[in-house]
Number of protein chains: 2
Amino acid sequence: MPAAEKISYDPHAPVDPRVETLVNELIGRVADKWTLLVLEELEDHGTCRFTELARLVPGISQKMLTQTLRAMERDGLLVRTVHPVVPPKVEYCLTDLGHSLGEAFCGVWIWAETNLDRIERARSAFDARG
Amino acid sequence: MPAAEKISYDPHAPVDPRVETLVNELIGRVADKWTLLVLEELEDHGTCRFTELARLVPGISQKMLTQTLRAMERDGLLVRTVHPVVPPKVEYCLTDLGHSLGEAFCGVWIWAETNLDRIERARSAFDARG
DNA sequence: TTCCTATACTCTCCAAAGGAAAGTAGGCAC
DNA sequence: GTGCCTACTTTCCTTTGGAGAGTATAGGAA
C-alpha cells in the first residue's frame, strides 16, 4: 500500500476488510443504471405509479422496472403500496433510507451535469487518437 | 470551472430536457459496478498496474477489467501509461476528472458503510414476509 | 538449443442477463 | 358477450459477461 496519508477526509482509511467486502457487494447492487434512474425519478416526482415510472425512466423495459422496484423494496429503499381496486393501482414511494441514498448520489448528478462537456471532449480526443 | 454557481443543487429545479437526457446517459455509463470498484481502488492505492487492479477488484474478469479501463480512459477518467519493456508494464492513474468523480461518489461509499446493517435488516424482513 | 517465466492483453466458447412483445387477471362499461 | 384498464408475467431471442486458453516478447535456466 502506498501509504501517502491524505489531508482530506478519507472514508476508506480505517476499514475492516470484511466490512469492505460487504460494502463492495452493496455498491455493486445499488450502483446499477436502472436503480439510479428510478431513484432519481422518485426523488424528483415523489410517489409514482408503475406506468408513470415506465414513462419517466427512458428506455427501461417492464421486466427490468419490475425487477428494479422489487430489489429496491427488498433493500428498504422504497415502499410498495397496493390499492385493491380495478384496474390495479400500485404506488411506489421512497423511504427515508431511499432519500438518504438519493442525497448521497446528489454529488454524482452534479458532477455529471458539470462535466458533460469535458467528457464529450475527452471522448472525441480519444477517438481521434484511434 | 464555474463551480461557484453549482454549490447548491435543487433536484426539483427545471432542467433542460436535452441536458437531462445526456446526464442520464452519462450516469448510465459511469454508474457501472466495475467502473465504481476500479475507481475506488485507484483512489485508495494511487497509480496501479493491470494485475494489481485485477487482484484488488474482487471478482472482475480480465476481459471486463480491460473494457472498464478502456472506457474510463476514453471518458478522460484515467491515464494509461505503457512502458516499452519486457515483460510489459502498463500503469493506470486517475486524472483530475477521475478524482472529482471519486469525490462525488464519496457520499455513496459513506452511505453504504453507514447503512449496511439497516439494509441487511430490511432484506431479512422482506424475505421473511415472503 | 529448448524451456520457462512474467505481463497485459486477446480470443473462444458458453452461461446469464436483458429487451420486445404477447399473455394474464379481474372487475367494469357497454 | 366484447373490450378496456393496470401491473405485472411469460416467452423468445439478442446481447453481455465470465472462465479459461492463447499470444508476443526478452531474459535466464537447463
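To find a chain, count down the sequence lines: A is the first, B the second, and so on, and within it residues start at 1. Given the structure is predicted, the values throughout are model-derived calculations rather than measurements.
- Of all nucleotides in DNA chain D having an atom under 4.0 Å from a heavy atom of chain B, the first and last in 5' to 3' order are D:dG17 to D:dA26.
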What string of B, S and - do you get for nucleotides 2-20 of chain C, 5' to 3', when a contact is any protein heavy atom under 4.0 Å?
----BBSBB-------BB-
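- Residues B:Asp32 and A:Lys33 are not paired through a salt bridge, judged by the lack of any N-O separation under 4.0 Å between the basic side chain and the carboxylate.
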A:Arg74/B:Asp127 under salt bridge (Lys or Arg N to Asp or Glu O under 4.0 Å): CA gap, chis, key distance, verdict
CA-CA 8 Å; A:Arg74 189 172 106 97; B:Asp127 294 345; 2.5 Å; yes
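- Aromatic ring pairs are classed by plane angle as parallel below 30°, tilted from 30° to 60° and perpendicular above 60°; the pair A:Phe105 and B:Phe105 is perpendicular.
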For the pair B:Cys93 and B:Leu78, evaluate side chain to side chain contact (heavy atoms under 4.5 Å, CB included) and give the outcome as yes or no after the intermediate values.
CA-CA 5 Å; B:Cys93 181; B:Leu78 55 78; over 6 Å; no
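- For A:Thr21 (side chain) and A:Pro17 (main-chain N/O), a donor-acceptor pair under 3.5 Å exists by modelled atom type.
- Remark: the B:Glu43 side chain and the B:His99 side chain contain an N/O donor-acceptor pair separated by less than 3.5 Å.
- Looking at B:Asp75 and A:Arg123, a side-chain N of the basic residue comes within less than 4.0 Å of a carboxylate O on the acidic one, giving a salt bridge.
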